[in-house]
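The structure appears below as C-alpha cells.
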Amino acid sequence: MPISFYNTLTRKVEEFKPIVEGRVSMYTCGPTVYDFFHIGNARSFVMSDVVRRYFEFSGYEVNYVMNITDIDDKIIKRGNEENRPSSEVAETFATAFLEDTKRFGIRHASTHPRATETMEEIIAHIKALVDKGAAYEVDGDVYFRVSAFKEYGKLSGKKIEDLQIGARIEADDRKENPVDFSLWKSAKPGEPSWDSPWGKGRPGWHIECSVMSQKYLGKTFDIHAGGNDLIFPHHENEIAQSEALTGEPFAHYWMHFGFLNIDNEKMSKSLGNFFTARDILEKYSAEVIRFYYMQTHYRSPLNFTHEGLEAAKTGLQKLQGLYDALEDAKTGSASFDVAAHEQRFIDAMNDDFNTSAAFGALFDMTREANTALHADTGMDDASRASLRDFLQRSCEGVFGILSSEKDDGGASSALLDGVMQLMIELRAEARNEKQWALSDRIRDGLKELGIVLEDSRDGTRWKTTT
RNA sequence: GGCGACGUACCCAAGUGGCUUAAGGGGACGCUCUGCAAAAGCGUUAUUCAUCGGUUCGAAUCCGAUCGUCGCCUCCA
C-alpha cells in the first residue's frame with residue numbers, strides 16, 4: 001500500500017501523489033512568537049515532524065517549510081504590556097521556539113521563513129489581489145473580497161450565508177461584507193509598520209502564510225498542515241487569497257492535527273491548566289512526551305494526563321530495553337525475521353500515519369525479540385544487526401523516541417563507567433562468597449543514587465533511571 | 001442556531017462489513033527465571049464494542065432513534 005492519509009479538503013483518506021516524483025513539498029503553520037509554545041502546539045509540531053520523517057524513511061526528499069510569524073497584534077500587545085519593542089518580544093520567543101523544538105527532538109524545517117523578512121512579497125501579493133479586484137482598500141486598510149472567490153468555504157464546509165447570519169462576526173461598516181477579512185492593517189501611532197501603497201501598516205493575520213509557503217514551495221505544493229482549529233478561518237482564508245490570485249490549487253493535501261485537552265478540559269490560561277513545552281520538559285524527557293503523543297492517532301483528540309505520561313514512560317522503557325539489550329547480547333545461532341515486522345510497521349504508517357497500530361507491530365516484535373535473545377540459542381549477528389538497524393530507522397529515525405547513546409545522567413561517562421565497573425566487580429565477589437547483605441547494600445545504595453543493576457547469567461548491567 | 005467529531009476492558013488506545021468469539025501499551029494478580037530482586041518471558045484481566053431498534057447470510061464496523069462527551073462557527077496548534 002502506498003502512503004495514504006486523510007485530506008481535509010476532500011474528507012477522505014487519499015493515496016498520496018506528489019507533484020514531483022520522489023519529492024514532497026510541505027508547509028506547516030508555525031508559531032506566532034508572542035509567548036513560549038505550549039504542549040498543544042508541541043503535539044502539532046511533533047506529529048508534523050513525524051510525518052516529515054516518515055516521508056524521508058520512505059525514500060522521499062522533503063522540502064519542509066515552517067513559518068515564524070513575527071509581526072502580529074498579539075506580539076504588539078505583549079510588547080506594550082512589557083514596555084519594550086514588539087520586535088524584541090518577537091526575537092525572544094522566536095529564539096525560544098527554535099531552542100524548544102530542538103529539545104523536543106523536532107528537527108528544524110528546511111526553511112523557517114519570517115513574516116518580517118517576507119514583507120516585500122506580502123505587499124506585492126496584496127497589491128496583485130487589489131489589481132485583480134479580489135481585494136479593496138478603505139482608508140489604508142485592505143480587505144479581501146470574499147465574494148470574489150466563488151469556492152470560499154470549500155475547506156471548512158461553511159457557507160458564506162451561514163457565516164453572515166452568525167452574529168459573532170463584528171460589524172464593521174467599512175467592510176463591503178462582514179465576512180471579508182483583513183490583508184493589510186494601517187498602523188496606529190507607535191506601532192511597528194512598513195511602507196506600502198496604502199500607507200504605513202502591517203500584514204493581516206492570514207496573508208503571511210500564503211506568501212511564505214508559495215515563496216519557498218511554489219504556487220501549488222503538496223501538503224499544508226496545521227492544528228484543527230486553523231481550518232477556519234485561517235486555512236480557508238489562505239486558500240482564498242492564494243487561489244484568487246493564481247487561479248490554481250494552493251495545496252493538494254490538507255492535514256490537521258487533533259486538539260489536546262488537559263484532564264478532559266480545554267487548555268487555557270484562565271483555567272490554570274496551561275503548560276508550556278518548557279514546563280513539561282522539566283518533568284519528562286522529550287522521548288516520553290513524543291511517545292505519549294504518538295500512542296494516539298494524530299487526528300484524534302488527546303487527553304493529557306499525568307497518569308498517561310507515567311504509563312508512556314514505562315512503555316517506552318520496554319522499547320529502549322530491547323535497544324540496549326541488542327547492544328550487549330552475545331552472539332547466538334538463531335536467526336530472527338525482522339522483515340515481517342517492518343512490513344507491519346510500514347502498512348500501519350502508510351495507512352493515514354497510524355502510529356498507534358505501528359506501535360502494536362513494534363511491541364509484538366519486541367516481545368518476540370526478547371524471547372529469542374533470552375533463549376539458549378541466542379540470536380545470530382546478522383539478525384541482531386538488522387533488528388538494530390530497523391529500530392534505529394523507525395524508533396530513532398522516524399519517531400525520535402529511542403537513543404543509542406547510553407544515558408549517564410549528565411555525569412562524565414568515562415569516569416562513571418570505570419567506577420561502575422569496579423562496583424560491579426566488588427559486588428560480584430561478595431555474591432560469590434554469598435555475602436548477600438553486602439551485595440544488596442551495594443545494589444540498594446546505587447538505586448537510591450538513580451542507578452539500577454540488572455543481573456543476568458551473562459553478567460551485570462547497569463543503567464540510570466530518568 | 002449552523003457545521004462537525006466522538007462514546008471499545010480498571011486506565012490509555014488501534015480496528016470501521018466476514019482473516020477479529022476485538023491489536024498494542026499501562027495497571028493488577030498468578031507463575032518461570034533469580035540467593036533475593038530487577039530485567040525478560042508465560043498466563044489471567046471485553047462472547048463484547050454507550051443504549052435501543054433496523055439493514056444484512058454476516059455489524060464494534062452500515063442506517064435510524066435515544067443518552068452522553070467534545071470541537072469549530074471569535075484570537076487559538
Side-chain angles (χ1 to χ4, degrees), chain A residues 8 11 28-32 34-35 37-48 72-74 77 153 156-159 161-163 165-170 179 205 225-234 236 256-261 264-269 291-292 294-297 299-303 305 307-319 321-322 324-325 344 348 351 354-375 431-432 434-437 439-440 443-444 447 452-457 460-463 465:
Chain A
T8 309
R11 289 150 206 266
T28 298
C29 282
T32 296
Y34 67 100
D35 200 351
F37 68 88
H38 55 69
I39 57 176
N41 298 303
R43 181 188 188 195
S44 291
F45 297 154
V46 165
M47 296 316 290
S48 182
D72 175 86
D73 292 358
K74 290 193 289 289
K77 182 167 168 252
S156 57
K158 294 187 188 307
K159 298 189 187 78
E161 309 85 73
D162 293 343
L163 291 168
I165 292 163
R168 306 181 83 164
I169 294 176
E170 255 177 72
V179 297
W205 175 35
N228 230 190
D229 57 323
L230 294 182
I231 295 173
F232 189 88
H234 189 235
E236 193 69 74
H256 292 96
F257 306 106
F259 247 57
L260 180 150
N261 295 315
N264 289 315
E265 278 187 299
K266 183 169 175 171
M267 175 167 60
S268 76
K269 286 184 177 167
F291 174 58
Y292 184 47
M294 285 176 235
Q295 279 186 299
T296 301
H297 187 85
R299 285 194 279 124
S300 301
L302 170 69
N303 192 32
T305 63
E307 295 72 33
L309 242 9
E310 285 297 323
K313 188 174 169 180
T314 311
L316 184 57
Q317 277 168 5
K318 198 165 201 164
L319 247 21
L322 173 63
D324 294 342
R344 246 183 93 192
D351 182 12
N354 192 336
T355 48
S356 322
F359 279 116
L362 253 12
F363 277 101
D364 279 341
M365 180 182 81
T366 299
R367 179 168 25 77
E368 288 175 31
N370 276 325
T371 303
L373 239 28
H374 287 261
R431 291 180 69 210
N432 278 337
K434 299 199 190 303
Q435 294 183 34
W436 309 129
S439 66
D440 287 351
R443 188 174 61 197
D444 294 344
K447 191 176 181 185
V452 175
L453 294 187
E454 291 173 5
D455 298 327
S456 75
R457 60 185 165 189
T460 300
R461 290 197 326 182
W462 66 275
K463 65 177 184 185
T465 54

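Residue numbering restarts at 1 for every chain, and letters A, B, ... go by the order of the sequence lines.
For residues 354-365 of chain A, the set of pairs meeting the salt bridge (charged side-chain N to carboxylate O under 4.0 Å, His left out) definition, not counting sequence neighbours, comprises A/R344-A/D364, A/D364-A/R367.
Legend: residues meeting side chain to side chain contact (heavy atoms under 4.5 Å, CB included) with A/F363, ordered by chain and number and at least two apart, are A/F291, A/K318, A/L319, A/F359. With sequence neighbours excluded, the residues forming a side chain to side chain donor-acceptor pair (under 3.5 Å) with A/Q435 are A/E433, listed by chain and number. Legend: residues meeting side chain to side chain contact (heavy atoms under 4.5 Å, CB included) with A/E307, ordered by chain and number and at least two apart, are A/T305. Scored by the side chain to side chain contact (heavy atoms under 4.5 Å, CB included) test, A/S156 finds A/K158, A/I231, A/F232, A/E236 as partners (sequence neighbours excluded). Shown here are the ring-ring contact (aromatic ring centres under 6.0 Å, His included) partners of A/H256, two or more places apart in sequence or in another chain: A/H235. For A/D35, the salt bridge (charged side-chain N to carboxylate O under 4.0 Å, His left out) test picks out A/R78, A/K269, with sequence neighbours left out. Partners of A/F37 by ring-ring contact (aromatic ring centres under 6.0 Å, His included), not counting sequence neighbours, listed by chain and number: A/F45, A/F97.
As judged by a 4.0 angstrom heavy-atom cut-off over every strand, A/I231 is placed among residues making no nucleic acid contact. Using a 4.0 Å heavy-atom distance criterion, A/G321 is classed as making no nucleic acid contact. Counting any heavy atom pair closer than 4.0 Å across all strands shown, A/L316 reaches no nucleic acid atom. Using a 4.0 Å heavy-atom distance criterion, A/E307 is classed as making no nucleic acid contact.
Although no hydrogens or angles enter the test, the distance criterion places a donor-acceptor pair under 3.5 Å between the side chain of A/S356 and the main chain of A/Q295.
Heavy atoms only, all atoms of each residue included: A/L260 and A/I39 are closest at CD1-O, 3.5 Å. Shown here for A/S44 and A/G227, the closest heavy-atom pair between the two residues is OG-CA, 4.0 Å. Minimum interatomic distance between A/Y292 and A/N303 (heavy atoms only, all atoms of both residues): OH-O, 2.8 Å.
Taking only side-chain nitrogens and oxygens, A/K266 never comes nearer than 4.0 Å to OP1 or OP2 of B/U69. Residue A/S300 places none of its side-chain N or O atoms closer than 4.0 Å to OP1 or OP2 of B/C70.
B/A38 and B/U32 are spaced 15 Å apart, taking the C1' atom of each and rounding to whole Å. Separating the P atom of B/U44 from that of B/C6 is a span of 33 Å, rounded to the nearest Å. For B/C63 and B/A23, the C1' atoms lie 28 Å apart once the distance is rounded to whole Å. When the P atom is compared between B/G27 and B/U16, the two are found 28 Å apart, to the nearest whole Å. When the P atom is compared between B/U20 and B/C72, the two are found 40 Å apart, to the nearest whole Å. Nucleotides B/G43 and B/G26, compared at atom P, are 15 Å apart to the nearest Å. When the P atom is used for both B/G4 and B/G64, the distance is 12 Å, rounded to whole Å. Nucleotides B/C73 and B/C62 place their C1' atoms 30 Å apart, quoted to the nearest Å.
Where stacking is scored as ring centres under 5.5 Å apart with planes under 30°, A/F359 does not register as stacked on the base of B/G25. Both stacking criteria are satisfied for A/F259 over the base of B/A77: a centre-to-centre distance under 5.5 angstrom and an angle between ring planes under 30 degrees.
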Using side-chain contact (heavy atoms from CB on, under 4.5 Å), reason through A/K266 and A/F259 one step at a time and then give a plain yes or no.
CA-CA 9 Å; A/K266 183 169 175 171; A/F259 247 57; 4.2 Å; yes

Can you list the steps and then say if A/M47 with A/L302 is a side-chain contact (heavy atoms from CB on, under 4.5 Å)?
CA-CA 12 Å; A/M47 296 316 290; A/L302 170 69; over 6 Å; no

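Residue side chain A/D440 reaches the base of B/G35 through a donor-acceptor N/O pair under 3.5 Å, judged by distance alone. Between the side chain of A/R43 and the base of B/A77, no donor-acceptor pair of N or O atoms lies under 3.5 Å.
With a 3.5 Å limit on both pairing distances and Watson-Crick or G-U wobble geometry required, the stems of 3 or more pairs in RNA chain B span B:1-7 with B:67-73, B:10-12 with B:24-26, B:27-32 with B:40-45, B:50-54 with B:62-66.
Each of A/G360 and A/A437 was assigned the nucleotide of RNA chain B with the nearest heavy atom; the assignment lying further toward the 5' end belongs to A/G360. Of the residues near RNA chain B, A/N303 and A/F363, the one whose nearest nucleotide (by heavy atom distance) lies more toward the 5' end is A/N303.
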Using a cutoff of under 3.5 Å, can you pull out all pairs of nitrogen or oxygen atoms linking the protein to nucleotides 15-22 of chain B, with atom names and distances?
residue, atom, partner, partner atom, Å
B/G15, OP1, A/N354, ND2, 3.0

Please list, for nucleotides 2-9 of chain B, all pairs of protein and nucleotide N/O atoms separated by less than 3.5 Å.
residue, atom, partner, partner atom, Å
B/G2, O2', A/D162, OD2, 3.4

Close N or O pairs between protein and nucleotides 41-46 of chain B (under 3.5 Å):
residue, atom, partner, partner atom, Å
B/G41, OP1, A/N370, ND2, 3.4

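The pair A/D440-A/R443 counts as a salt bridge, with a side-chain nitrogen and a carboxylate oxygen less than 4.0 angstrom apart. Between A/R461 and A/D324 there is no salt bridge, since none of the side-chain N atoms of the basic residue sits less than 4.0 Å from a carboxylate O of the acidic one.
When rounded to the nearest whole Å, the span between CG of A/L309 and P of B/G26 equals 15 Å. Distance CD (A/Q317) to C1' (B/G27): 15 Å, rounded to an integer number of Å. If you take CE of A/M47 and C1' of B/A77, they are 13 Å apart, rounded to a whole angstrom. Atom CG of A/L453 and atom P of B/C36 are 17 Å apart (whole Å).
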